[in-house]
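Encoded as C-alpha cells, the structure appears first; notes follow it.
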Amino acid sequence: MPSVKAWDRAMAPRARCSPVAVRRCLPILAWLPSYSARWLRMDLIAGLSVGLTVIPQALAYAEVAGLPPQYGLYSAFMGCFVYLFLGTSRDVTLGPTAIMSLLVSFYTVHEPAYAVLLAFLSGCIQLAMGFLRLGFLLDFISCPVIKGFTSAAAVTIGFGQVKNLLGLQNIPRQFFLQVYHIFLSIGDTRVGDAVLGLVCMVLLLLLKLMRDHTPPVHPEMPLGARLSHGLVWTATTARNALVVSFSALVAYAFEEMGSQPFTLTGAIAGGLPPMRIPPFSVTTANRTVSFTQMVQDMGAGLAVVPLMGLLESLAVAKAFASQNNYRIDTNQELLAIGLTNTLGSLVSSYPVTGSFGRTAVNAQSGVCTPAGGLVTGVLVLLSLSYLTPLFSFIPKSALAAVIIMAVAPLFDTKIFGTLWRVKRLDLLPLGATFLLCFWEVQYGILAGALVSLLLLLHSAARPETQVREGPVLVLQPASGLHFPAVEALREAIARPALEVCPPRSMILVCSHVCSVDYTVVLGLGQLLEDFHKRGVRLVFVGLRVPVLRALLAADLKGFQCFSTLEEAEKYLMQDLGLEPYDICEDSDAAPEHTATLLQA
C-alpha cells in the first residue's frame, strides 16, 4: 500500500497547477496523472474484494428495503463510477447499506417506483446542499443521536431478519407487531431454514475471527507461507460471497434430488437495468398516483433519507481519512453522494450512501485511489448480466445471516458506559433517539436532536462559574456570555456579593468571554448600579478587545477594568483600607493603568 506521502504528492502538484474550480469539481485530476502500475495492482485487488462483498449484501439489503432482490444490485454500481471522478477519499465505497435500506422500507410503501423517486429527490436535495456549501448543518446532529439511531437500526434490522432465518411467513414489518407475531409463530419454524441460517452465521463469525487474528504478511516469509496467507485473506474477506455460494449449492443439490427444505429467493430479473427517467407517477390496478401524492406519501422521508445518507457517508469518510492521515472535502462529498443518487435513479437505484463495512474491506485490501471502485462496479454489472439465474437458488435464511452479521457491529454496547463516565446528560439524547426510533425513525431523530439542542441552550443560559472567596470575591465564568445567561450571571454575582451583610466587592474575570451582545451589556450596567448603591465595587479583568470596545461604547457608569488580577486585587484592597496581599511589588498603580486602558 502506498504511503500517505505518496497520496499527498499525487494531490499537491495538480492542486497548484489546475484552476481551483476544476480541482474542486473533479478531484480525479489530482491523482490520475501520477497513477502507477503498483497502484493499479492494489486497486484491482481491493475492487475485487469489495465486489465479492457487495453482491451478496446488495441482494440481502433489497430484502430489508422491501424491494425485489435485483434492486439491490441496481443500486450497487452507480456510486462506484461517480465516486471515481468526484470522491475525495480513496477508501469510501458508495452503495446500498443496511440503515439506508431500513429507511427506504419505512418511506416507500415497498413500491420500487417510490424507492427510485426517493433516490432522485434525495440526490437533488444533497446536490443543493453541496452547491450551497451547507455541510455545516450536519454538525448539529450530535454523536449520541447518531449512536442512538444506528443502535436502534441494528436491533430493528437484525430482528427483522429472524423471520427469514426461521422460515416464517406472513410476519408484519412494524417492529412491535413483528416481535409479537414471531413469538406467536415460533412453532411454525422450518427446520431446514433455521439450521442453514445458524450454520451460515457460525461460518461468517469464524471467518471474521480468522480474518481479525491473521498475522500480517512480512517480506521475509517463505513463498509458500505468503501464498497461504493470501488464500486465507481472500477467503475471509470474501466470506459473504463464500457462505452465500455454499448455501446456494446446498439448495441446488436438494432441488436436483426433488426436495427443497429451504425458502429460496426465487426468480430474479436478469440483465442490466433500463436507462429511464424516475417515475413521477405510478399506475396501480385501481388508480394512478400523481407525483404530488407520491411526495405526500413519502412525507418526512424526503428530509430523513438525504440527511441520514449524508451523515453516514461523511462519518465513514472522516473516520478513514483520520485513520489513514489524509483530508476530505466535506462539500465535495455532498456533491458526490448527491450526484450518485440522482444518476442512480436513472437505472432504478434506491437511495445509497457510504458503507462502513465495505469501506473497511477496501482500506484493508490496500486500495490506493478511488479507481478501485471501477473494478467493483464492473463486477456488479457482470453479475447482473450473467449470474442472476443462479441467484434464484440462494436461500433467504443465508441472506438473513449475512444481514444479521453485518448489522451486529452497529449496536455499540460501549457507548452507554462511555457516556456515563464522560457526561451523563448525553445519555438523554441517546436514550430518546434509541427508544423512539422503534416507533418512527423521524420521531427518534427529531427527539434526539431537540434534546441535544435543549442541552446546548441550557449550557449557554446557565454557564458554570468559579468563585474564589476572600476579602475580595473573584468570579470567573467558565464559558462565554450570551443574552440567555444574563439572569444566571446576575444571580451568581449578587448572591455572594450583594445579598450578604456587609456587601462585598467583586472582580469579574472575563478571560473566557469572546464577545457580548446588547442584553449582556445592559445586564452588566445594572449590576454596576447595584454595586454602587450598596457602596462596593465591581471591576473587570481580562477583557478582550471586542468586549472592551463594546463596554466602553456603552458608557457604563462606574466601569473599571484591569489587565491582571493582581492589579484589580491591589486596587480593591486599598479601596477597602486593607493591606494588599500576593501583589507584585513592581505593578503600576491601578487607577493609572485603568485610565490608560480607558483612553485606548
Legend entry - Charged N-O contact under 4.0 Å between Lys318 and Glu333: no
Legend entry - Spacing of CG belonging to Leu430 relative to CG belonging to Leu425, to within rounding of 0.5 Å: 12.5 Å
Inset, instruction - State whether the number of non-hydrogen atoms from other residues, nucleotides or ligands found under 6.0 Å of Tyr518 atom OH is greater than 12. - result: no
Inset, instruction - Ignoring hydrogens and angles, state whether a donor on the side chain of Asp297 or Gln293 is under 3.5 Å from an acceptor on the partner side chain. - result: yes
Inset, instruction - Report the residue from Val316, Asn362, Val367, Val361 that forms a side chain to side chain contact (heavy atoms under 4.5 Å, CB included) with Thr93. - result: Asn362
Inset, instruction - Would you indicate whether His110, at its atom NE2, is surrounded by more than 12 heavy atoms from other residues, nucleotides or ligands within a distance under 6.0 Å? - result: yes
Legend entry - Residue list, side-chain hydrogen bond (donor to acceptor under 3.5 Å, both in side chains) with Lys163, at least two apart or on another chain: none
Legend entry - Evaluation steps, ring-ring contact (aromatic ring centres under 6.0 Å, His included), between Phe559 and Phe540: CA-CA 8 Å; Phe559 171 67; Phe540 299 81; 5.3 Å; yes
Legend entry - Carboxylate-amine/guanidinium contact Arg495 Glu499, below 4.0 Å: no
Inset, instruction - Mark yes or no for whether Ser345, through its side chain, and Thr342, through its backbone, hold a donor-acceptor pair below 3.5 Å. - result: yes
Inset, instruction - Please confirm whether the backbone N or O of Ser89 pairs with a side-chain atom of Tyr83, one donor and one acceptor, at under 3.5 Å? - result: yes
Inset, instruction - Could you tell me whether Phe175 atom CZ has more than 12 heavy atoms of other residues or ligands within 6.0 Å of it? - result: yes
Legend entry - Ser563 and Glu567 side chains, donor-acceptor separation under 3.5 Å: yes
Legend entry - Centroid-centroid distance, Phe356 to Phe320, less than 6.0 Å: yes
Legend entry - Partners passing side-chain hydrogen bond (donor to acceptor under 3.5 Å, both in side chains) against Asp212 (at least two apart in sequence or in another chain): Lys208
Inset, instruction - Start with the C-alpha gap between Arg424 and Leu419, add the side-chain angles, then the distance that decides, and say whether side chain to side chain contact (heavy atoms under 4.5 Å, CB included) holds. - result: CA-CA 6 Å; Arg424 296 177 184 177; Leu419 292 181; over 6 Å; no
Inset, instruction - Could you verify whether a donor N or O on one side chain and an acceptor N or O on the other, from Tyr571 and Glu566, lie under 3.5 Å apart? - result: no
Legend entry - side chain to side chain contact (heavy atoms under 4.5 Å, CB included) between Leu475 and Val509, worked out: CA-CA 6 Å; Leu475 184 141; Val509 181; over 6 Å; no
Inset, instruction - Check whether any side-chain N or O of Thr353 sits under 3.5 Å from a backbone N or O of Ser313 as a donor-acceptor pair, and report yes or no. - result: yes
Legend entry - Nearest-0.5 Å distance, OG1 of residue Thr359 to CG of residue Asp91: 7.5 Å
Inset, instruction - Please confirm whether the backbone N or O of Cys514 pairs with a side-chain atom of Arg544, one donor and one acceptor, at under 3.5 Å? - result: no
Legend entry - Trace of the side chain to side chain contact (heavy atoms under 4.5 Å, CB included) decision for Val539 with Leu508: CA-CA 6 Å; Val539 299; Leu508 184 60; over 6 Å; no
Legend entry - Flag, side chain of Ser75 to backbone of Pro96, donor-acceptor distance under 3.5 Å: no
Inset, instruction - Decide yes or no on side chain to side chain contact (heavy atoms under 4.5 Å, CB included) for Tyr326 and Thr88, but give the supporting numbers first. - result: CA-CA 10 Å; Tyr326 63 87; Thr88 60; over 6 Å; no
Inset, instruction - Consider only side-chain N and O atoms of Thr108 and Tyr350, and report whether a donor and an acceptor are under 3.5 Å apart. - result: no
For residues 403-413, run the donor-acceptor check on the side chains, cut-off 3.5 Å, and write out each pair with its distance to 0.1 Å, sequence neighbours left out.
unit_1, atom_1, unit_2, atom_2, d
Asp412, OD1, Lys414, N, 3.1
Asp412, OD1, Ile415, N, 3.4
Asp412, OD2, Lys147, NZ, 3.1

